[in-house]
Amino acid sequence: MGIPVIFLFLYYVACLAAASPNIPAVIVFGDSTVDTGNNNQVGTILRSNFRPYGRDFFGGRPTGRFCNGRLAPDFISQALGLPPLVPAYLDPEYSIEDFAKGVCFASAGTGLDNATSDVLSVIPLWKEVEYFKEYRRRLQRYAGKAEAMRIVGEAVYIISIGTNDFLENYYLLVTGRFLQFTVEEYQDFLIDRAEEFLRAIYWLGARKISFTGLGAIGCVPLERTTNALAGGGCVEQYNKAARGFNVKLQELIGRLCATLPGLRLRYAPVYDGLLHIIANPSSYGIENVDRGCCATGRFEMGYLCDELSPFTCPDASKYVFWDSFHPTEKVNWLMAKTTLETSLAEFI
Ligand SMILES: *[C@@H]1O[C@H](CO)[C@@H](O)[C@H](O)[C@H]1NC(C)=O
């Protein structure tokens, strides 16, 4: 049963050897699934720049990644022959020299809907785009106009967003969206926001774009906990909302590719892969699928994920989830692999 993991590892090493000179940078937009530390510089309580976050990262260092280790874009960057991590744009330890090879504008807790980023005072998606514009100007000053435009045009873009619009906004009933829209209408509203965003970065020069579909959002431990009276299983209503969104997202991608010349926008499917891990954990060397490693794993994330909790698991690689909301490094690596094999395959 351990064979798939060994196979995946060999694949990963092979990828590392096949560095692509055509891809000068990885550029990231989205939420906590891909935020490598921007929230550290923002006035929000949604933080993770303290232990035990980062305990399996280089030097055991917490960075603001909501994980024990690295996120999917870090693995993707390394597999493309670029640095082994993608720096957060707001991190003062990095400069434009670093960002020329990869930059992350993502913010944990944000969404496609402006109202979602308001819930926890994080960076709205439109502001991520403003930072991207500023980045382009800095890149031009640093590398010259022609080289800056080459980097922006040849870079691979990773977009991962939408979970919070459902779990931290719509279904949490905190913003009124639940009263304003049916689920189908809200999916359409989010797809319209995704279209605005994608057109904006297209006009700013982005071409090779991977948009990650939603995962099985009803299976995160926090949602299982709220479902405890019904047996603690995945919340099917939320998974169904995610699947419906994914169908509409793929339609949008087809439509935009047909209308915007030169756009190579691709869909990264992670929903089925995540469910496969949850249904067949032992093939991945995993023993726990329904609780996070950190603390009791039932509801903790951010500051509640306390270093002193005696319940925190010793080996996160045996878990699907690191905290009650976010996958472990191992699962992030599996999702990076899926992305490299699907949406990014033609660019490598
Ligand atoms: C979101 O907020 C930005 C900035 O205020 C605004 O430009 C944009 O129109 C808003 N989007 C929607 C759908 O309201």
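Counting starts at 1 for both ligands and their atoms, in listed order.
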Original post:
Does any N or O atom in N114 lie less than 3.5 angstrom from one in ligand 1, N or O only?
Top reply: yes
Could you check whether [Y] and [X] have their ring centres less than 6.0 Å apart?
X: F99; Y: Y89; value: yes
X: F211; Y: Y157; value: no
X: Y238; Y: Y171; value: yes

**OP:** Could you tell me whether ligand 1 has any atom less than 4.0 Å away from a heavy atom of K127?
**Re:** no
Subject >> Minimum-distance protein heavy atom relative to atom 13 (C) of ligand 1 >> reply: R193 NE, 3.4 Å
Original post:
Taking all atoms of both residues into account, what is the closest heavy-atom pair of L125 and L112, and its distance?
Top reply: CD2-CD2, 3.8 Å
Original post:
So which bit of E196 gets within less than 4.0 Å of ligand 1, heavy atoms only: side chain, backbone, both or neither?
Top reply: neither
Original post:
Can you tell me if S107 and N39 form a side-chain donor-acceptor pair at under 3.5 Å?
Top reply: yes
Original post:
Are any of the protein's heavy atoms under 4.0 angstrom from atom 2 (O) of ligand 1, yes or no?
Top reply: yes
Subject >> Contact bool for atom 9 (O) of ligand 1 (protein heavy atom, d < 4.0 Å) >> reply: no
